[in-house]
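When a ligand or atom number is given, it counts from 1 through the structure's own listing order. Fair warning: this is a prediction, and the values are worked out from it, not measured in the lab. Hydrogens, waters and symmetry mates play no part in the numbers below; they use all other heavy atoms, side chains included. The residues of the chain are indexed from 1 along the displayed sequence.
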Amino acid sequence: MSKILMRASNVTAVYAADSGQDVPAVDNVTIEVPEGQILGLAGESGCGKTTLGNALAMIANPPLYVVGGKLEIDGKTIDLSTLDKSSNKLHQPFRGATVSLLPQGAMNAVSPTLKIKDLVFDVMRAHDSSVKRSDAMDRATDRLKMLELPTRALDSYAHQLSGGMKQRMVTVISTLLNPRLLIADEPTSALDVSSQKALIEMLLAMVEKKIMAGVIFITHDLPVLSMVTDRLAIMYAGKVVENGRTEDLVHNARHPYTSALLASVLDPTEETRTKHVLGIPGSPPNLGNPPPGCRFHPRCKFAMDVCSKKEPAQLVEGSHEVACWWAKENPGRTIPMEVTVA
Ligand code: SF4
């Protein structure tokens with residue numbers, strides 16, 4: 001059993017809406033990352049993945065507020081409900097050094113007037129105002145050599161690099177302080193297939209070389225997650241509905257939503273080549289007024305009477321957890337994967 005690097009318990013984060021009603025985008029979520037492993041966080045757009053990533057990285061800004069939960073990492077415990085609600089920002093040493101966030105679209109946010117080496121210096125100086133430029137350059141150069149990346153990239157402007165190289169550079173910069181945990185939000189989404197592969201190989205090498213001790217990899221791209229992750233957590237409507245070893249979830253999904261997600265991304269077979277895959281019928285609920293009971297019940301083919309009345313409790317089956325009444329009534333059974341085509 002691997003040592004746990006990070007455990008986040010009962011995390012709740014809300015958006016303050018103009019109506020005055022708080023909208024819970026992350027609702028009582030508990031996840032953990034074993035040391036040396038990559039946890040994938042998957043689900044449709046708007047299910048709370050990015051919000052959870054921001055909450056765990058302590059960079060939630062209004063109108064997002066982290067209102068509850070506890071974060072344990074590297075021997076430190078942070079009571080999220082005691083954070084300053086006007087900023088939700090934790091002290092600087094924690095961010096970047098203990099948990100680092102690679103935000104969505106980071107590679108396109110790099111200033112066109114800065115060379116990569118200037119960015120390196122800016123990032124390192126933000127965490128240590130006494131750092132010398134030469135020390136920052138030495139660290140970046142060593143890191144690029146360690147990862148077999150060209151050191152000449154430091155002398156380039158972002159627009160002079162390919163998309164794939166730019167994304168690898170921002171990933172390297174976000175881990176220069178050797179964070180214990182990297183939270184990478186959609187790091188491969190804007191990349192072509194060969195650049196995705198190069199980034200994935202680099203992330204795996206970074207974990208192997210212990211540059212960071214664990215990764216949360218956020219994406220809606222299940223084929224990418226099944227290649228790179230050790231464990232998966234599936235989010236729906238602000239909640240984690242199933243989590244476990246990647247292999248178990250991919251081959252033995254116990255939650256209808258996980259199965260439906262997997263059925264939406266198929267290998268090109270005769271059927272999927274000649275027909276239109278419809279994905280999951282319906283759309284995720286309004287989080288300001290979610291359905292009662294199981295939030296997935298209006299879209300679920302396996303729904304029973306109880307599903308619309310009572311929220312399913314978390315079932316623990318070894319290292320596999322699932323919140324579903326069907327799973328409770330059908331111990332050990334895999335949800336049959338049904339492809340919806342037109
Ligand atoms: Fe479907 Fe019921 Fe399970 Fe929800 S609890 S996923 S509605 S079977």
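For the 3.5 Å distance criterion, the side chains of Glu186 and Gln104 fail to qualify, holding no donor opposite an acceptor. Between the side chains of Gln21 and Tyr15, no donor N or O sits under 3.5 Å from an acceptor N or O.
Within the structure, ring-ring contact (aromatic ring centres under 6.0 Å, His included) contacts touching residues 157-187 (residues at least two apart or in different chains) are Tyr157-His159.
Neighbours of atom 3 (Fe) of ligand 1 restricted to protein N, O or S atoms under 2.8 Å: the count is 1.
Applying the side chain to side chain contact (heavy atoms under 4.5 Å, CB included) test to Thr151 and every residue at least two apart in sequence or in another chain returns Thr141, Leu144, Lys145. Residues satisfying the side chain to side chain contact (heavy atoms under 4.5 Å, CB included) test with Ala198, not counting sequence neighbours, are Arg168.
Stacking of Arg299 on the aromatic ring of Phe296 is not recorded, the 6.0 Å distance cut-off and the 45° axial limit not both being met.
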